[in-house]
Structure formats: C-alpha cells, structure tokens
Amino acid sequence: MTGRDVRSFITTNRSRDNGDLVVRMKNGFGSSKYRPVDYQQLHALTEAKKLASSSIQLKVKKIQHASKVTKEQTLCKQHSQVWWKENKRLSESRDKAELQLQVFLEDKSKTCQFFEEMEAFEQQLSEERDEYKACTIHPIWQLRDDLKHRICQLQHQSSLQSPMENDFDPANIMKQVESVKSQQKALIEKLTEEQRAIENELSQCDLQECVDSEEMRCHFGEVPAVLLELYCPYPELKTSILTEYQQLVGLYQSKVEELDREREDIDRDCKWSKEDHWIFQTIVSQYPSDLPNRRTLYLDMLSKHLPCKPRQELVSHEKMWDLHRFNKDQRNALTESWTRYKKDFLIKAAMTIAEACSVYEIELIVAHDRRRQQEICSELKEKVMQWRIHQEEAARLESAIAARRQREEEQQETQRREKEKLQRANERQKIQKYKTEKQQAWEEQQRRDLQRLEQLKKVMAQQAEKDRER
C-alpha cells in the first residue's frame, strides 16, 4: 500500500455525525433506514431458481444424450457401409481363390497323386460339412422358425382377445431353448478346442520360418551358378567380380539383419496376445486408407471388440503397428532392390566378361598380326625413306614457286594501287573543275539578277515621277 492509498483510507471524524449515530442505535431494527426481510418469499424464489436450473440441466442432458445417440447411429451407419464393402471384397476374393485352387488341383491331380488325395480329402470335408449343418444348424433354424410362428400366433390371439391354445407350454419351450443353447455351446467349445489344436500343430511346423528361410536362401544364397560357369580369360577380373558380389551380399545381409533386430525389438515391446493382435490387424485392414474419418472409425470398432483395452493402449499399439508395417515395407523394398540389383549385376558381369573375352581375342589377333606387321614394316621402311626424300624435294620446289608467285602478286598489287591513286587524283581534279564552273555560273546569275533589279527600280522611279507630275 502506497502513501497515497493510506491517506485515502484514513477518514476524518466529524462531530456533526455523532447525533445521527446515536439515533440509529436507539431505534435498532425498527429504524426507517432498514426494510424487513421476507424469508419465506426468498426461500420460494430460491426453490423456483433451483427448479428452473434442474429443468435446464435435464434438457442439457437430454440434448447430450441425443447427440451421443446420433453420433453412435452415424458411426454404426459408416461401419455398416465399410462392412458391406469388405464382405463383398472378401466374398469375391474367396470365390476367386477357390476357383484358382480348384483349377490348380484339377491340373495337378492328373500328374501327381498328392493333389488327387487332396481333392478326395476336400470332397470328404465337404460331405462332413453338409452333415454337420444337417445335424446342428438346420434344427436350430427350424426351432427359430417354429418360435417365430408361435409368437405370431400369440400376438394374433392377444389382439383378438381369444383364449390361448391348450398345447402351448412356455416352460417346456424355454426348457427346449435352454437345452439347445447348452448343446450348441458345448459343440462350439469342442470345435474351438479342435481349431486351437490344429492351429498349434500348424504353428509348431514353423511354416512361416521355413518360407522366410527359403526366401532368404533364394535372395542371399551362394554365388549364382550362372556367374561361376562364365569363362573369363583373365582370372583376376573374375575374382574381382566374385569379391564385389560377396561384398554386395554382405551389405544387403547386414541391412536385413538390422531390420530383423528392429522387428524383434518391436515384437518384444508388444504385450498383446496373438488373438488380440489379429483382431486389431483385421479391423484396421477393413477400413481403406482413403476413407474419411478412418482412424476414428477403426478406433471406435476396436474399443467395442477389445473393451478391456483402454484408448491409450490402443493408440500406443497403433503406433507400434505402424512401426511394424514400416519395417515390413522397408524389408520388402530391400528385397525388391536386391532382386533388381542382382539381376543388373549379373547382366553387367556377363557383359564385362564378354567384353574381356572380345578384348582377349583381339589381343591374340593383334599379337599374331604384329609379327606380320614387323615384316611389312621392314619392307616399307625403305620405300618410306625414298618417298620422304621425294616429298622434301617437292616441298622445296613448291616453296620456290610459292615465293615467286608471291613476288608477282606483290608487284601486281603495287601497280593496282598506283593506278587507283591516279584515278582518284583525276576524279578530284574533275570535281574541283565542276565546282569552279558551278561557282562562276552562280556568280553570273547573281550579277544578272542585280542588273534586272536596278532596271526595275529605274522603271519604277520614272513611273513615280510621271505620277507626281500628273
């Protein structure tokens, strides 16, 4: 607080106000300066405000609930559109795959017994599937249709207010439904256990690792036989080509190992089960990348299929899945790059060795021809010496002729210049003479004009005198 604030805060006591204070204290609450308070009216106003606030809050809750329901309906509609498209795509893919498999089995069954056994096994599975449907699925659908018919009859009788039939027993029907449910549940559990046992048996075979190892052997295996079988007349060149290929293989292997370590680190950080990860991957893949509001849709669907996973965990797993896909894309790009570079390297190596063979053949031909050339050179050497002497003599004669021709040309040039000089002098004299004549003619003309002017003046003077005399 500053000094100015202290001075404004301190009040001065005036003696004329003391009487008013005493009167107020004597009158108390009955003073005319105060009004009585109606607490019942204030309580009623408070209750009315509370009621209005409660009604407004209820309206806000209703609006929020309606907005939430509308949002859920919109999301469900978008989910439905995506599901229909995905169902159509999967159905088409399944039909196409089954057709290709059928054509493949029909073609291979004629030449291989294994594929014939596979076709027979497929027929057996189809028969077992039809038998399973006849024993389990069809009775359930029949019971469902029967219950729908009974419910329709009850609704019709209740609308007509007629008594119920004597053979209708709700307790017996519920007992049958519960029995069917328990049987279906036991059957589904048995099928689920069989499915898990088959999946575990297949996973123990390590088919994916076999495929990956076979792919790596194909991509980064030994030196191709095509490169080894190429004949090269220069051993050092072939050794350098093989060394370069091994270095290239080592470089790509190191990059692949680095990507594998990154993938192992990503998989190690992932705490989800295989089933949850499969659900996540399947749901995310259902929504195309060009779909508007894609991330919101698949996160909403993930929260419904994986209610035990909070949103933060879904988002973190999404980031981890993006890293895993990026690692996979890098690996595929590296594999494609290696395949393309390997092909280019083999073509380049074959061309280099072919060029080396051509050069070696040329060297052999050159070495064979060199001896012949030396013999020819010794024979031509004397002829060349004679030709050189002749050329030197011819050069001397040509230089003498050229010198004489140059002197003649200089003399002609001197004569031409003198002639041109005389011509220019004559032209200047003619021009000077013409100018002199022109000047004289002009002076003569001026003199004549002056004489005419004087005569004209005299005539005018005489005329003027005559006029004055008159």
Gap between atom OH of Tyr234 and atom OG1 of Thr352 - 0.5 Å precision: 13.0 Å

Side chain to side chain contact (heavy atoms under 4.5 Å, CB included) partners of Gln373, counting only residues at least two apart: Asp369

Donor-acceptor under 3.5 Å (Ser91 side chain, Asn87 main chain): yes

Residue pair Phe345, Ile241: steps toward the side-chain contact (heavy atoms from CB on, under 4.5 Å) verdict: CA-CA 9 Å; Phe345 183 84; Ile241 290 174; 4.1 Å; yes

Salt bridge Arg371-Glu375, side-chain N to carboxylate O under 4.0 Å: no

Pairwise side-chain contact, Thr243 with Ser240, heavy-atom cut-off 4.5 Å (strictly under): no

Minimum side-chain heavy-atom gap Leu380-Cys377 below 4.5 Å: no

Qualifying salt bridge (Lys or Arg N to Asp or Glu O under 4.0 Å) pairs, either residue in residues 180-198, two or more places apart: none

Salt-bridge criterion met for Arg89 and Glu86 (N-O under 4.0 Å): yes

Summary of ring pair (Phe, Tyr, Trp, His ring centres under 6.0 Å) pairs that have at least one residue in residues 121-150, sequence neighbours excluded: none

Phe326 CZ to Leu259 CG distance, which is reported to the nearest 0.5 Å: 9.0 Å

Gap between atom CD of Gln286 and atom CG of Leu291 - 0.5 Å precision: 11.5 Å

Nearest heavy-atom neighbours spanning Leu314 and Ser303: CD1-N, 4.0 Å

Contact check, side chains of Cys232 and Cys357, non-hydrogen atoms, under 4.5 Å: no

Neighbour count >12 (heavy atoms, 6.0 Å) for atom CD, Glu131: no

Validation row: Val249, Trp338 side chains within 4.5 angstrom (heavy atoms): yes

Between CG on residue Leu51 and OG1 on residue Thr46, distance to nearest 0.5 Å: 12.5 Å

Glu275 atom CD: more than 12 heavy-atom contacts under 6.0 Å: no

Side-chain ion pair, Glu336 and Arg340, N-O less than 4.0 Å: no

side-chain hydrogen bond (donor to acceptor under 3.5 Å, both in side chains) pairs, two or more places apart, involving residues 50-67: none

Reported CG-to-CG distance for the pair Asp265 and Leu323, which is rounded to 0.5 angstrom: 11.0 Å

Over 12 foreign heavy atoms within 6.0 Å of CD, Glu47: yes

Derivation and outcome, side-chain contact (heavy atoms from CB on, under 4.5 Å), residues Lys255 and Gln330: CA-CA 10 Å; Lys255 291 182 180 179; Gln330 280 186 323; over 6 Å; no

Within-4.5 Å side-chain heavy-atom neighbours: Glu236 and Thr239: no

Tyr360 atom OH, over 12 foreign heavy atoms within 6.0 Å: no

SB check Asp260 Arg263 (cutoff 4.0 Å): yes

Greater than 12 external heavy atoms within 6.0 Å of Arg416's CZ: yes

Over all atoms of both residues, closest heavy-atom pair of Thr282 and Trp278: OG1-O, 2.7 Å

Of all pairs that satisfy salt bridge (Lys or Arg N to Asp or Glu O under 4.0 Å), the ones with a partner from residues 297-310, not counting sequence neighbours: Glu72-Lys304, Asp276-Lys309, Asp300-Lys304, Lys309-Glu313

Any donor-acceptor N/O pair, Asn327 side chain to Glu262 backbone, under 3.5 Å: no

Sub-6.0 Å ring centroid separation between Trp321 and His317: no

Any side-chain heavy-atom pair of Phe280 and Val284 under 4.5 Å: yes

Nearest non-hydrogen partners of Pro292 and Leu297, listed with the distance: O-CD1, 4.1 Å

Distance in Å, Arg370 CZ paired with Glu363 CD, rounded so as to fall on 0.5 Å steps: 9.0 Å

Test salt bridge (charged side-chain N to carboxylate O under 4.0 Å, His left out) applied to Lys96 and Glu92, step by step: CA-CA 6 Å; Lys96 185 177 179 181; Glu92 293 176 355; over 6 Å; no

Backbone of Ala66 reached by a side-chain donor or acceptor of Thr70 within 3.5 Å: yes

Residue among Lys319, His324, Arg325 satisfying side-chain hydrogen bond (donor to acceptor under 3.5 Å, both in side chains) with Asp322: Arg325

side-chain hydrogen bond (donor to acceptor under 3.5 Å, both in side chains) between His79 and Tyr287, worked out: CA-CA 9 Å; His79 287 313; Tyr287 296 86; 2.7 Å; yes

Exercise: do Tyr252 and Thr335 side chains pair donor with acceptor under 3.5 Å: no

Which residues share a side chain to side chain donor-acceptor pair (under 3.5 Å) with Arg311, sequence neighbours left out: none

Residue pair Glu409 / Glu413, side-chain heavy-atom distance below 4.5 Å: no

Heavy-atom side-chain contact between Leu75 and Gln78 under 4.5 Å: yes

